[in-house]
Amino acid sequence: MQTISIAIDGPSGAGKSTLARSIAAKLGYLYVDTGAIYRTIGYYIYTKEIDPKDETAVTARLPEIHVELTYGEDGLQHMLLNGADVTKEIRLPQISMYASAVSAHPAVRAFLLEMQRQLARTNNVIMDGRDIGTVVLPDADVKIFLTASPEARAQRRMLELEQRGTPEPFEAVLKDIQERDWNDSHRAAAPLRQAEDAVLLDTTELTFAESEEALLNIMKEKTR
Ligand code: DC
């Protein structure tokens with residue numbers, strides 16, 4: 001089966017997941033949030049009270065971890081960790097840093113690579129993450145690098161956290177974003193960077209509707 005793949009990469013809080021989910025629903029594509037997969041590993045390491053930066057300790061635990069991605073009746077992506085639904089738990093604010101730290105280990109990235117590629121082989125997908133256009137799906141039909149200023153991203157993340165019932169002050173959210181930007185783009189294994197053939201979209205000054213329109217236009221242009 002010939003499938004279509006759309007890769008959306010960018011730093012945290014750029015609006016990737018909200019935009020990708022909305023566009024996937026409009027186009028009837030499967031939306032794959034790869035950050036949730038790394039969060040699931042991060043969550044497991046957190047529950048085992050292991051230092052997520054300890055590469056040897058994290059790598060030794062991988063054989064114990066079975067990660068599955070399913071789609072609930074709500075149409076949303078659910079993460080199963082050794083059979084248990086951890087979709088809510090992986091969104092706890094402290095898990096962001098665990099996900100970022102474990103995602104720097106090459107063994108963790110290798111462990112999750114085939115699962116992501118398999119999803120794209122069997123479905124039309126919009127996949128968002130940090131290395132989708134560069135490593136996971138280098139032959140994606142459309143590649144977009146979505147970004148916004150750290151302050152704009154912190155502002156949006158703050159609203160999202162408020163809506164989820166786990167509010168955090170602006171300064172703390174901004175610091176977390178800057179720290180994760182640094183971690184995600186300075187690691188040796190598959191760092192966050194724009195693929196040479198990706199289209200850059202900066203949403204700092206754009207509303208959600210404007211960003212969505214810009215993304216849809218890029219897709220139309222590229223798949224014509
Ligand atoms: O998109 P997110 O904030 O839920 O991702 C959590 C962490 O996972 C992020 O800090 C870096 C890592 N990640 C990654 O390394 N590669 C991906 N494709 C997606 C996420």
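Order of listing sets the numbers, starting from 1, for every ligand and every atom in it. Side chains are part of it too, since the values below use all heavy atoms of this structure and drop only hydrogens, waters and symmetry mates. Bear in mind that the values here come from a model prediction, so they are computed numbers and not experimental data.
In terms of modelled atom types and a separation under 3.5 Å, the side chain of Q118 and the main chain of M115 share no donor-acceptor contact. Using modelled atom types, one side-chain atom of T204 and one backbone atom of S149 make a donor-acceptor pair closer than 3.5 Å. Not one N or O on the side chain of S100 forms a donor-acceptor pair closer than 3.5 Å with the backbone of S96. Checking side-chain atoms of D54 against main-chain N and O of A57 turns up a donor-acceptor pair under 3.5 Å. Judged purely by atom type and a 3.5 angstrom limit, D141 uses its side chain to pair as donor or acceptor with the backbone of S5.
Q116 does not count as a contact of ligand 1, since none of its heavy atoms falls under 4.0 Å from the ligand. Taking a 4.0 Å cut-off on heavy atoms, M97 fails to register as neighbouring ligand 1.
Linking ILVMFWY side-chain heavy atoms closer than 4.5 Å, directly or via other members, places L112 and L80 in two distinct hydrophobic clusters. Transitive grouping of hydrophobic side chains (ILVMFWY, heavy atoms separated by less than 4.5 Å) keeps V142 and L137 in distinct clusters.
With salt bridges taken as basic N to acidic carboxylate O contacts below 4.0 Å, none links D33 and K16. Electrostatic pairing of R153 and D181 counts as a salt bridge here, judged by a charged N lying under 4.0 Å from a carboxylate O.
Ligand 1 has no N or O atom lying under 3.5 Å from any N or O atom of D33, backbone or side chain.
Distance from atom 19 (C) of ligand 1 to its nearest protein heavy atom, with residue and atom name: T34 OG1, 3.4 Å. At the shortest separation from atom 17 (C) of ligand 1 among protein heavy atoms lies R130 N, 3.4 Å. For atom 8 (O) of ligand 1, the closest non-hydrogen atom of the protein is Y38 CB, 3.5 Å. Closest to atom 7 (C) of ligand 1, if we only count protein heavy atoms, is A99 CB, 3.7 Å. Among all protein heavy atoms, the one lying closest to atom 12 (C) of ligand 1 is S103 OG, 3.5 Å. Annotation: atom 20 (C) of ligand 1 to nearest protein heavy atom, G35 CA, 3.6 Å. In terms of protein heavy-atom proximity, atom 16 (N) of ligand 1 is closest to R109 NH2, 3.0 Å.
Set against the non-hydrogen atoms of R39, the atoms of ligand 1 under 4.0 Å away are 2 (P), 3 (O), 4 (O), 6 (C). Applying the 4.0 Å criterion to heavy atoms of D184 picks out, from ligand 1, the atoms 9 (C), 10 (O), 11 (C). Every atom of ligand 1 is numbered from 1 in the order shown, and the set under 4.0 Å from a heavy atom of G129 is 17 (C), 18 (N), 19 (C).
Counting heavy atoms under 4.0 Å from ligand 1, residue R180 touches it through the side chain alone. Proximity of E179 to ligand 1, defined as any heavy-atom pair under 4.0 Å, is not found for any part of the residue.
Note: Q155 CD to L174 CG = 10.0 Å, rounded to the nearest 0.5 Å.
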